[in-house]
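Each chain gets a letter, A, B and so on, in the order the sequences are listed, and its residues count up from 1.
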Number of protein chains: 2
Amino acid sequence: MTDQSLFDQAFMESPALSRKERERLMRRQAMLEAARAVFAEKGYVDATLDEIAQRAEFGKGTLYNYFPGGKDELFFAVFEEIFAQFRQLIETSFAGAPSFREGFEAFLRASFQFFEQHRDMLLLVTRESQRMLVSPDPERAAFFQHHHTAFLQLLTRHIQAAIERGEVRPLPAEAVAHTILGNLHGLAMHRLLKECAVGKPDHHLGTTEEATRFLSTLLLEGLLNRTQSSEAP
Amino acid sequence: MTDQSLFDQAFMESPALSRKERERLMRRQAMLEAARAVFAEKGYVDATLDEIAQRAEFGKGTLYNYFPGGKDELFFAVFEEIFAQFRQLIETSFAGAPSFREGFEAFLRASFQFFEQHRDMLLLVTRESQRMLVSPDPERAAFFQHHHTAFLQLLTRHIQAAIERGEVRPLPAEAVAHTILGNLHGLAMHRLLKECAVGKPDHHLGTTEEATRFLSTLLLEGLLNRTQSSEAP
DNA sequence: TCACTAAATGACTGATCAGTCACTTTTCGA
DNA sequence: TCGAAAAGTGACTGATCAGTCATTTAGTGA
């Protein structure tokens, strides 16, 4: 999956586009890239259209030719891209896996890689996504809740199937899905903060592989040490 | 622990306060309550000092007598209270517990109760705390990272001890602490969102006790079903 | 080359709001 | 009771910025 899957997709699926239309698409994409960078750096509120326009090398008015809905439309469009990529990542990871465990580990690995490659997106999601879920603006809240629910459903399906196959404990699947997403995001942030604070990656979780194994062990096997009797306190 | 532990504490530890000083403390507290309510409802950016002042039944200028640092000082003071209560909750839960498992379950139970009693705080933390951790304003980021680290250290101590006693797998303790906090917050939000969206609590996680057992099982025992061979994929 | 259209532009407008301060009200000791 | 000091107040100021629109520029076909 590339950085620009939605863009490529639009490009590929309509090879009959005129030069003008292709150019328009390119410009739109440039604006989106600029918006993503500025939103990631400043957050929704502190990002200004002037800065986005400047970064995209267009006048502010031009943004409105491409995104008539203004700041909000730009913002939603940025997230639409991120979310589409992540949905695809979930599906790809579990697709060919022979067991839940293997699908799950593939999913963790792909996610950590994804966040590592796209720090700006991780920051953006951290800064805004949670916050928007409980936004007082109903349109914003609805947009984010819709996508959030979509992730949950994708994961929930795989978990439910694993429960029915007896691979996974009979726990409420949706809550498990929610927990997994929370862990993933939390651990990715932990690694990022550690790296920023200390200047180098976390001792034990520096590599994608270490992070994957940690979360896989923790979630699949649990915290309790099973080498000793699990009955004695 | 009450809603006003810090306040009470200040009250109790200095019984020698004059009436004037006590009145001043009362007014300060009223402003903090108002600020918490407005910040929780609107979020940091959309909350206005005018509304806080109105809600506290003071003029805007008076706020500056009590919080010369303005909006930021009010905001920090609100979080200072929340964070102090939560630190106390961690310590109390693990204090008398005979095993990590029991301390951990007490901690989960107390946390869910705490968040249920203080929805506004949960919303506030969700909306702002994560976001502030990566704020471009260094003072804000430092404040939140300081408290975040304090939580982690408290939990990490208990986890490390449990690992050394052989109760818990030898995983990196700090990352485990981070994960636990993320899960707790995530699940509390999941329950709150479910209740808001559907109009009634989640089927399987409606009560504090169910939520506690769910997270306790998931984190302590893991997802994998151990009633069948754990070797066969 | 010209004229016409579509696209680009950025100065401007109006709304918002944190923070200020000159003024009013209250408190309290003398 | 009085007057000085402390506390309270809210209209005002300056800064910010999303969104607009009259004007300029580029593209195109005759």
How would you label the contact of Tyr64(A) with the nucleic acid (heavy atoms, under 4.0 Å): base, sugar-phosphate, or nothing? base
Please report, rounded to the nearest Å, how far the C1' atom of dG10(D) is from the CD1 atom of Ile52(B). 16 Å
Out of dC17(D), dA7(D), dG19(C), minimum distance to the side chain of Leu49(B) belongs to dG19(C)
For Arg28(A) and dA7(C), what is the distance between atoms CZ and P respectively, to the nearest whole Å? 15 Å
Please report, rounded to the nearest Å, how far the P atom of dC17(C) is from the OH atom of Tyr44(B). 13 Å
Check the phosphate of dA8(C) against Asn65(A), side-chain N and O only, distance under 4.0 Å to OP1 or OP2. Yes or no? yes
What about Lys60(B): does its side chain form a donor-acceptor pair under 3.5 Å with the base of dG19(C)? yes
Heavy atoms under 4.0 Å, any strand shown: does Gly70(A) hit a base, just sugar-phosphate, or nothing? sugar-phosphate
Met31(A) atom CE is separated from dA8(C) atom C1', nearest whole Å, by 9 Å
May I ask you to test the His148(A)-Gln130(A) pair for a side-chain heavy-atom distance under 4.5 Å? no
Rounded to the Å, how far apart are Leu63(B) CG and dA18(C) C1'? 11 Å
Got Leu124(A) and Phe79(A) here, is their nearest side-chain heavy-atom distance under 4.5 Å? yes
First encountered from the 5' end of DNA chain C, between Gly61(A) and Thr48(B): Gly61(A)
Only distances under 3.5 Å count here; give the side-chain donor-acceptor pairs of residues 198-206 of chain B to other protein atoms, sequence neighbours excluded, each with its distance to 0.1 Å.
{"unit_1": "Asp202(B)", "atom_1": "OD1", "unit_2": "His204(B)", "atom_2": "N", "d": "2.8"}
{"unit_1": "Asp202(B)", "atom_1": "OD1", "unit_2": "Leu205(B)", "atom_2": "N", "d": "3.4"}
{"unit_1": "Asp202(B)", "atom_1": "OD2", "unit_2": "His190(B)", "atom_2": "NE2", "d": "3.2"}

Tell me: CD of Glu73(A) to P of dG19(D), nearest whole Å? 11 Å
Whole angstrom is fine here: how far is it from CD in Glu23(A) over to C1' in dA6(C)? 13 Å
Give the rounded distance in Å between these two atoms: CG of Asp50(B) and P of dC12(D). 14 Å
Check every atom of dG19(D), dC17(D), dG8(D) against the side chain of Lys71(A) and return the nucleotide holding the closest atom. dG19(D)
How is Thr62(A) classified with respect to the nucleic acid when contacts are heavy atoms under 4.0 Å: base, sugar-phosphate, or nothing? base
Under 4.0 angstrom between Arg27(A) side-chain N/O and dA8(C) OP1 or OP2: yes
Side-chain touch Phe151(B)/Arg87(B), heavy atoms, less than 4.5 angstrom: yes
Does Tyr66(B) reach a base, just sugar-phosphate, or nothing at all? Heavy atoms under 4.0 Å. sugar-phosphate
To the nearest 0.5 angstrom, please state how far the CD atom of Gln29(B) sits from the CZ atom of Arg22(B). 15.5 Å
